[in-house]
Amino acid sequence: MFTAPAPRGLARSQADLPPVPLYRPDSVAEAIHALDTAPAPAALYAGGTDFFARLREGEAPAALVWLDRVQDLREVGRDDHALRLGALVTHHEAFRHPALDAVPGLAAAWRRIATVRIRRQATLGGNLMARRTRYELSILLTALGASAQMAGADGTIDLPVEDLWQADTATHPLLVSVTVPLEGCPRLDYERSMRPTFTQALAMRDGGWRLVVATEYLRPWAHDMAPGTPPAEATAALPADFADPAVSRAHMVRAGAAFLKRQIERMEAPA
Amino acid sequence: MTTLSENGKIDIAFTLNGQPVSRATTTSRTLSDLLRDDMDLKGTRVACGRTVCGACSVLVDGFPRAACSTFAFEVEGRSVTTIEGLEAEDGTLDPVQAAFAKKSAFQCGYCTSGMILLARALLAEHQRPDRETIREWISSNICRCTGYQLIIEAVEEAAETMAGKEAAE
């Protein structure tokens with residue numbers, strides 16, 4: 001359901017942030033310790049692209065925990081079962097990494113996020129943990145059934161990426177990594193409609209497909225379906241209230257079915 | 001873990017336009033404020049203040065970064081190039097600057113320093129970029145005046161000039 005964004009408050013700038021204590025941990029455990037012991041509220045800082053937007057929207061951290069030295073957050077790798085992506089990986093590093101070959105279509109979709117300049121600064125963790133509907137990694141990773149490893153003082157928990165929207169970041173504040181399961185040989189295709197804005201990801205695995213639809217203002221909607229489901233039938237399953245002021249449900253059902261037909265054709269075409 | 005600052009004050013040292021510099025600053029100082037207000041380098045323009053427009057782009061270790069969305073402490077030990085650092089000591093313009101001037105690839109000029117630095121980084125990675133590559137890179141920054149065409153032509157012109165210089169050397 002669409003909820004109108006809060007009215008913009010008084011304009012703030014970066015200059016409104018007073019000087020605050022600054023910590024630079026070397027490990028996940030040190031980062032959690034810093035968050036627990038620093039003056040509250042302490043903020044995690046990495047790429048900065050979303051952080052500064054939040055400052056302008058009113059966030060006022062009393063301390064900064066700068067993550068750039070936490071090497072565990074930068075690891076990317078895969079085995080037979082999963083692709084693992086560290087939270088500090090930038091978009092630029094991610095889509096160029098050979099491990100992404102494990103999921104055909106993921107690198108191409110990831111490469112379409114943001115711009116050349118921002119892709120080298122913005123991180124996977126920032127994109128997901130900003131929990132903004134206009135950011136796209138949540139859509140791609142929800143389609144792929146990815147899980148998020150969140151660290152807190154009492155250890156690390158696994159959460160489906162689609163549940164990060166309502167995750168309790170007070171107990172487990174630090175995204176360590178995201179894991180994409182490789183069972184069923186997943187592959188991905190991504191479509192965007194810019195006017196009106198909505199996006200659609202389709203993940204195919206042996207035995208099941210997952211469709212995800214999102215708009216600039218709506219959280220991703222995920223729909224699991226059997227292989228071969230007709231496109232119009234799949235998009236007709238959109239919830240009745242899935243619409244925002246920029247795009248109607250009827251448009252997403254109709255245009256989404258056309259997208260889906262193209263996506264299926266692309267993904268089923270011989271390599 | 002390193003506590004870089006307990007009271008918000010911090011000393012930083014970095015290379016600015018080829019020269020080593022150090023400053024006492026604060027943990028909340030952005031690179032754009034440091035450059036403009038503390039070092040009087042007004043060529044770095046701030047517009048959106050949230051990474052998006054790229055007007056405040058400077059090169060950090062050779063790649064453009066929004067100075068409005070970078071803390072000053074992040075450039076410790078790194079190399080920063082601003083628009084003031086591009087021209088030669090005798091005042092000769094960098095080939096990208098010269099190409100922008102020749103093509104009049106600006107109108108109000110507010111985005112120009114960021115665009116030129118972005119183009120400089122593009123040409124460092126792609127000596128003879130095709131038009132698609134130029135468009136992809138240039139779309140990182142926003143220009144509300146030119147419609148981008150003259151900027152694209154200026155980048156092509158600069159690429160040709162730089163390739164010619166290299167061949168001559």
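The chains referred to below are lettered A, B, ... by the order of the sequence lines, with proteins before strands, and numbering in each begins at 1.
Within the structure, the salt bridge (Lys or Arg N to Asp or Glu O under 4.0 Å) test picks out the following pairs touching residues 20-49 of chain A (sequence neighbours left out): Arg24(A)-Asp68(A).
Proximity of Leu22(A) to Glu6(B): side-chain heavy atoms (C-beta onward) are nowhere separated by under 4.5 Å. At a threshold of 4.5 Å between non-hydrogen side-chain atoms, the residues Arg50(B) and Arg54(A) do not count as touching. Contact of the Leu4(B) side chain with the Tyr23(A) side chain is not registered, since no non-hydrogen atoms from C-beta on lie closer than 4.5 Å. The side-chain heavy atoms of Ser28(B) and Pro19(A), taken from C-beta on, include a pair separated by under 4.5 Å.
Residues of residues 91-100 of chain A having a heavy atom under 4.5 Å from any heavy atom of chain B: none. Taking non-hydrogen atoms and a 4.5 Å limit, the residue list of residues 103-113 of chain A in contact with chain B, ordered by number, reads Arg111(A). Within residues 113-144 of chain B, the residues having any heavy atom under 4.5 Å from a heavy atom of chain A are, by residue number, Glu125(B), Glu136(B), Trp137(B), Ser139(B), Ser140(B), Asn141(B).
Of the two parts of Thr2(B), the backbone and the side chain both hold a non-hydrogen atom closer than 4.5 Å to a non-hydrogen atom of chain A. When heavy atoms are compared at a cutoff of 4.5 Å, Ala31(A) does not approach chain B at all. With a 4.5 angstrom heavy-atom cutoff, Thr70(B) touches chain A via backbone and side-chain atoms both. Proximity to chain B (any heavy atom under 4.5 Å) is shown, for Pro61(A), by neither the backbone nor the side chain.
Ring-plane geometry between Phe71(B) and Phe52(A) is classed as tilted, the angle between the planes lying from 30 to 60 degrees on a 0 to 90 degree scale.
Nearest heavy-atom pair across Met1(B) and Ala34(A) is SD-CB, 3.6 Å.
Between chain A and the residues Asn7(B), Thr27(B), Val52(B), the largest count of heavy-atom pairs under 4.5 Å involves Thr27(B). Between chain A and the options Val46(B), Thr26(B), Val60(B), heavy-atom pairs under 4.5 Å are most frequent for Thr26(B).
Side-chain contact, Tyr45(A) with Glu74(B): a donor N or O sits under 3.5 Å from an acceptor N or O.
Using modelled atom types, one side-chain atom of Arg117(A) and one backbone atom of Thr51(B) make a donor-acceptor pair closer than 3.5 Å.
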